[in-house]
> 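Supplied in structure tokens, the structure appears directly below.
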Amino acid sequence: MSFSVAGTRQDTPACAEGLIHFNNAGASLMPRPVHKAVLDHLQLECDIGGYEAKAQNDALLERFYDAAARSVGGKRNEIAFIENATRAWDMAFYAFDWQSGDRILTSRADYSSNMISYIQVAKRYGVEIDMAPDDESGQIDVTALENLITDRTRLISLTHIPTNGGLINPVELVGKIARRHGIPYLVDACQSVGQMPIDVEEIGCDMLSTTGRKYIRGPRGTGFLWVRDSWIEKLEPPFLDNHAATWTSVNDIQIRDDAKRFENWECYFAGKIGLGVALDYGLELGVTETWARIQTLSRSLREGLSALPGVTVWDKGERQCGIVTFTKKGVAPQTIQSELAKHKINVSLSSRQLTRDDLVAADVDVTIRASVHYFNTEEELGALIDIVRKTD
Ligand SMILES: Cc1ncc(COP(=O)(O)O)c(C=O)c1O
């Protein structure tokens, strides 16, 4: 299967129903094969029982690990299926035995849930948080970040593509710094896996988390964590169950030696199969091709919006992705969102709560977030731009 816009639209039933979906950074639309795989497994659970369905579909469940590994350039034993990106990230982050005086090095545009976790361990254990400033383009200032490293820096933790804008952080450059200083490196790739080519070796990270429902186009309630094999046994998960560990004697346990130590025994099996199918679907289309298409569409959308009177496009960074954020002077973002909704155009709103420090700096409370995917069209961009122009 090679990539064609028409082919992917045929695989996306809502496109034929006239839905214009620019909320792919929220949750994208599942392609038919993904939807079918999820429904088939749920049906099998109804027909023969949940445990029996799992046994029958074991090969499909295992296929998820190969697909996830290929999607990030890792190995299958380094993958854990987890219900969302936040919990995947947490399983790595809370596996560190945080000590008073440890320092976490992060950036201004990190995701709110990650910030909440930093603050929690700061309050609980006396950990310090160092926040690298942005450079002139708005991406992480890599030199300033390196200057913040001390011998107490325990973790470098960054968000690749922040939730609220087009910025792509230069995570590969930071990877080189992390290596040079021998500091573990955690990357939140929630918005980037499925959107752009991802290779953990190129990034140089040790842990990477992502979600299923966004650019990967998997089902909701799915995600995964990748942990470099040399790090797996150094990280003791914050929670263990009888899948992650074995009760070896009355007073002892043995934790697994693969990344499944970060998983739960009970999980959304239909979703796990669906996520594997979604990852394979994206790989078969060719991530290089689909990424080129996303960049062309988002560039065109930014140009079209910027040309409208009163409209400001807020996306920062030297390199930008499919997430386009904007406001219109004198018009509430909620008004624009509901006008678009009347025309079956989905967008979302980004608020301070999601990436607080970033928006505080920009002095904007709420922006409209239109996130494009490869199946969107120029005509759909035109429809959005037209409504934004007319709304006041
Ligand atoms: C950058 C980033 N990280 C993490 C998350 C959390 O993902 P999940 O809702 O799957 O936990 C999001 C969700 O929007 C995000 O944009």
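Just so you know, ligand 1 is whichever comes first in the structure, and atom 1 is the first atom listed for that ligand.
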> Compute whether any side-chain donor of one residue and acceptor of the other, for S298 and Q320, lie under 3.5 angstrom apart.
no

> I want to check a possible cation-pi pair here: K260 against Y65, using under 6.0 Å from ring centre and within 45° of the ring axis as the test.
yes

> What do the steps show when you test T325 against D315 for side-chain hydrogen bond (donor to acceptor under 3.5 Å, both in side chains), and what is the final call?
CA-CA 6 Å; T325 49; D315 305 316; 2.6 Å; yes

> For ligand 1, note which part of T163 has a heavy atom under 4.0 Å away: side chain, backbone, both or neither.
both

> Show me which atoms of ligand 1 lie under 4.0 Å from any heavy atom of T159.
1 (C)

> Would you mind listing which atoms of ligand 1 come within a distance below 4.0 Å of any non-hydrogen atom of T86?
6 (C), 7 (O), 8 (P), 11 (O)

> Return yes if a side-chain donor-acceptor contact under 3.5 Å exists between E263 and H243, otherwise no.
yes

> Counting heavy atoms only, which part of A85 comes closer than 4.0 Å to ligand 1: side chain, backbone, both or neither?
both

> Name the option, out of R213, R87, E83, R220, that contains the heavy atom nearest to atom 9 (O) of ligand 1.
R213

> Looking at atom 3 (N) of ligand 1, what's its closest protein heavy atom, distance included?
D188 OD2, 2.7 Å

> Quick one: look up the protein heavy atom nearest atom 10 (O) of ligand 1 and list residue, atom name and how far away it is.
T211 OG1, 2.6 Å

> Distance to 0.1 Å, residue and atom name: give those for the protein heavy atom nearest to atom 14 (O) of ligand 1.
K214 NZ, 2.8 Å

> Number the atoms of ligand 1 from 1 as they appear, then name those within less than 4.0 Å of a heavy atom of I161, with their elements.
1 (C)

> Does the structure place the NZ or CZ of R124 under 6.0 Å from the centre of the six-membered ring of W98, at an angle of no more than 45° from the ring's axis?
no

> Which atom names give the shortest non-hydrogen contact between N57 and H41, and what distance separates them?
ND2-ND1, 2.9 Å

> Just by distance, no angles: are the side chains of R369 and T163 close enough, under 3.5 Å, to form a donor-acceptor pair?
yes

> Write down the atom of P219, the atom of V38, and the distance for their closest heavy-atom approach.
CG-CG2, 3.8 Å

> How close does the nearest protein non-hydrogen atom get to atom 5 (C) of ligand 1, and which residue and atom is it?
Y111 CE2, 3.3 Å

> Could you tell me which atoms of ligand 1, counted from 1 in the order shown, lie closer than 4.0 angstrom to a heavy atom of Q191?
14 (O), 16 (O)

